[in-house]
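Reading through the structure tokens given below for one structure.
The sequence lines fix the lettering, A, B, ..., with proteins before strands; numbering per chain opens at 1.
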Amino acid sequence: MDFPTTLIKAVKGTRDLLPPATEVWNGVEAAARAVFRAYNYHEIRTPIFEETQLFARGVGEETDIVTKEMYTFEDRDGSSLTLRPECTASVIRAYIEHRLDQRPGMQKLYYLGPMFRRERPQKGRYRQFYQIGAEAIGSESPMVDAEVIEMVVEILKRAGLAGFELLINSVGDRNCRPQYVERLRQELKSVAQGMCGDCQRRADTNPLRVLDCKVEADQPIIEKLPSIVDHLCDACRAHFEAVKQSLADRGLPYQVRPRLVRGLDYYMRTTFEVVHGSLGAQNSVLGGGRYDGLAEALGSKVHSPGIGFSIGEDRLVMIVEGGQSPAPLDLFIAPLGEPALRHAALMARDFRESGLSVELAEGKLKRVMELANKLGARFALIVGENEMAAGRYALKDMSTGEQESLTRDEIAAKLATALNC
RNA sequence: GUGGGCGUAGCUCAGCUUGGUAGAGCGCCGGAUUGUGGUUCCGGUGGCCGAGGGUUCGAAUCCCUCCGCCCACCCCA
């Protein structure tokens with residue numbers, strides 16, 4: 001008998017989510033769905049892969065994301081497909097394709113599911129990762145920005161997260177941003193040589209990223225660089241002020257971070273991020289922003305301004321985990337002997353039908369009681385010959401050890417009261 | 001793509017410096033207790049010591065190569 005010498009394992013950067021961790025994932029997702037519902041967002045499910053061009057156009061042809069960090073492959077007919085690295089482009093594509101702009105009001109859509117990136121994995125960053133996100137399409141109002149931010153904070157709270165910080169910024173629009181970037185580039189020409197190697201390179205290739213440098217020695221220089229919030233055009237400044245005002249009205253604490261510059265071309269005006277200290281180098285739990293030109297870039301004939309965010313679910317689960325325990329088992333049934341087993345199977349079905357989680361296992365009583373304990377059962381029900389003859393069964397409360405002899409109706413009533421609280 | 005750390009039981013790890021044929025705790029299984037769990041006690045199962053090659057009488061241990069995982073960088077969706 002030959003056994004394979006190399007075990008097949010989950011591929012690099014992917015992982016299995018096992019119970020009881022999956023309970024935490026479901027808890028986070030349930031919290032998100034509840035909040036989405038409260039804000040009148042509705043779920044959209046887009047394909048997990050798309051034509052490569054969608055992401056290339058949406059994200060920017062020249063970015064690292066497109067050139068080397070996507071899961072791109074050739075289909076059998078020669079077309080280039082890509083596993084979605086994010087969902088915003090897909091949502092906008094669907095919005096255009098199905099003329100959702102013709103539907104009444106704004107489109108408020110949410111999604112959740114796996115995304116893919118082809119990078120070296122590290123803490124909180126996997127090749128298959130999960131995002132929960134939403135897009136509000138069809139309005140430029142700063143009130144929408146604030147509501148989206150309020151909603152995402154509500155999701156985090158509802159999911160059980162505490163101790164996070166909300167960071168916001170405005171990156172301007174097509175008018176003022178290029179001017180600011182040029183200004184920054186000029187400024188860097190004189191100071192860049194005093195900075196770290198990465199920054200010297202970025203000063204040319206991607207000046208905005210210099211602002212995000214973490215090298216300690218560079219910080220004094222960065223402090224003196226011009227800030228984007230001082231270079232917004234009138235319209236962008238008014239928008240930003242209105243967003244901040246609305247956040248204040250809503251009692252949402254935030255910090256303005258002029259150095260919060262999202263890397264993607266399509267972001268305009270409001271950008272935001274939530275960070276949490278326990279995450280290591282990848283400390284961002286969620287990011288989002290306004291993308292008023294994206295729909296046009298993807299071929300929309302109508303102006304479809306939007307704002308959205310996506311939560312890194314892997315990271316959120318990582319910091320929420322531990323606070324929640326797996327769902328307990330309501331009832332464990334221990335039948336003794338063959339006739340009791342058949343009888344118990346029917347009892348199990350009835351209790352399950354009434355909404356309880358029920359497990360049933362045969363074997364030596366000591367053995368199955370041990371199992372009941374390990375499974376975290378709230379109650380154990382012993383079904384033996386004595387019980388069947390008497391029509392009264394032994395119901396044991398596993399936490400107190402108390403046991404009483406009850407009829408089926410009494411058991412049902414007792415379980416209902418004990419478990420409904 | 002680049003750098004660093006780590007691969008020994010299901011899990012967490014010791015053993016490696018100074019080579020002598022594999023350990024602990026937890027878990028799992030059984031017993032003390034023929035129909036009663038948790039605590040306790042006793043016993044047991046469990047390892048191609050990541051893979052391949054080399055040195056040696058002898059390698060988990062020393063050397064080389066490869067693979068995998070983790071962390072960080074680049075970048076960030």
Across the strands shown, which category fits [X] at heavy-atom distances under 4.0 angstrom: base, sugar-phosphate, nothing?
| X | answer |
| --- | --- |
| I382(A) | base |
| S399(A) | base |
| G312(A) | nothing |
| E387(A) | base |

Run the salt-bridge test on [X] and [Y] with the 4.0 Å N-O cut-off and return the result as yes or no.
| X | Y | answer |
| --- | --- | --- |
| R45(A) | E43(A) | yes |
| D314(A) | R15(A) | yes |
| K414(A) | E404(A) | yes |
| R408(A) | D350(A) | yes |
| E69(A) | R120(A) | no |
| E147(A) | K108(A) | yes |

Below 4.0 angstrom from OP1 or OP2 of A72(B), is there any side-chain N or O of Q122(A)?
->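 Affirmative; the distance criterion is met.
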
Verify the contact: side-chain N or O of K123(A) to OP1 or OP2 of C69(B), cut-off strictly under 4.0 Å; return yes or no.
->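 K123(A) to C69(B) OP1/OP2: no side-chain N or O under 4.0 Å.
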
Inter-nucleotide [atom1] distance ([N], [M]), Å rounded:
| N | M | atom1 | value |
| --- | --- | --- | --- |
| U61(B) | C70(B) | C1' | 24 Å |
| C64(B) | A72(B) | P | 28 Å |
| C62(B) | G20(B) | C1' | 15 Å |

Residues from residues 41-50 of chain A sitting under 4.0 Å of RNA chain B, heavy atoms only?
->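 Per residue number, the list is empty: none.
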
Any luck finding a side-chain donor-acceptor pair between [X] and [Y] under 3.5 Å?
| X | Y | result |
| --- | --- | --- |
| R33(A) | Y110(A) | yes |
| H42(A) | Q107(A) | no |
| D145(A) | T270(A) | yes |
| T407(A) | D409(A) | no |

Look at the side chain of [X] and the base of [N], then say whether one donor and one acceptor between them are separated by less than 3.5 Å.
| X | N | result |
| --- | --- | --- |
| K396(A) | G37(B) | yes |
| N373(A) | G37(B) | yes |
| R125(A) | C75(B) | yes |
| E69(A) | G1(B) | no |

List, with names and distances, any nitrogen or oxygen atoms from the protein found under 3.5 Å away from nitrogen or oxygen atoms belonging to nucleotides 2-12 of chain B.
| unit_1 | atom_1 | unit_2 | atom_2 | d |
| --- | --- | --- | --- | --- |
| U2(B) | O4 | R120(A) | NH1 | 2.7 |

For [N], which nucleotide is its Watson-Crick or G-U wobble mate, given both distances must be under 3.5 Å?
| N | answer |
| --- | --- |
| C66(B) | G50(B) |
| G37(B) | none |
| G1(B) | C73(B) |
| C29(B) | G43(B) |

Parallel, tilted or perpendicular: which fits the ring planes of F309(A) and F36(A), with parallel below 30° and perpendicular above 60°?
->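 Ring orientation, 0 to 90° scale: parallel.
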
What pairs of nitrogen or oxygen atoms, one from the protein and one from nucleotides 30-34 of chain B, lie under 3.5 Å apart?
| unit_1 | atom_1 | unit_2 | atom_2 | d |
| --- | --- | --- | --- | --- |
| G31(B) | OP1 | K364(A) | NZ | 2.9 |

Going through the checks in order, is the side-chain contact (heavy atoms from CB on, under 4.5 Å) test met by H276(A) and E165(A)?
-> CA-CA 7 Å; H276(A) 194 275; E165(A) 289 178 42; over 6 Å; no

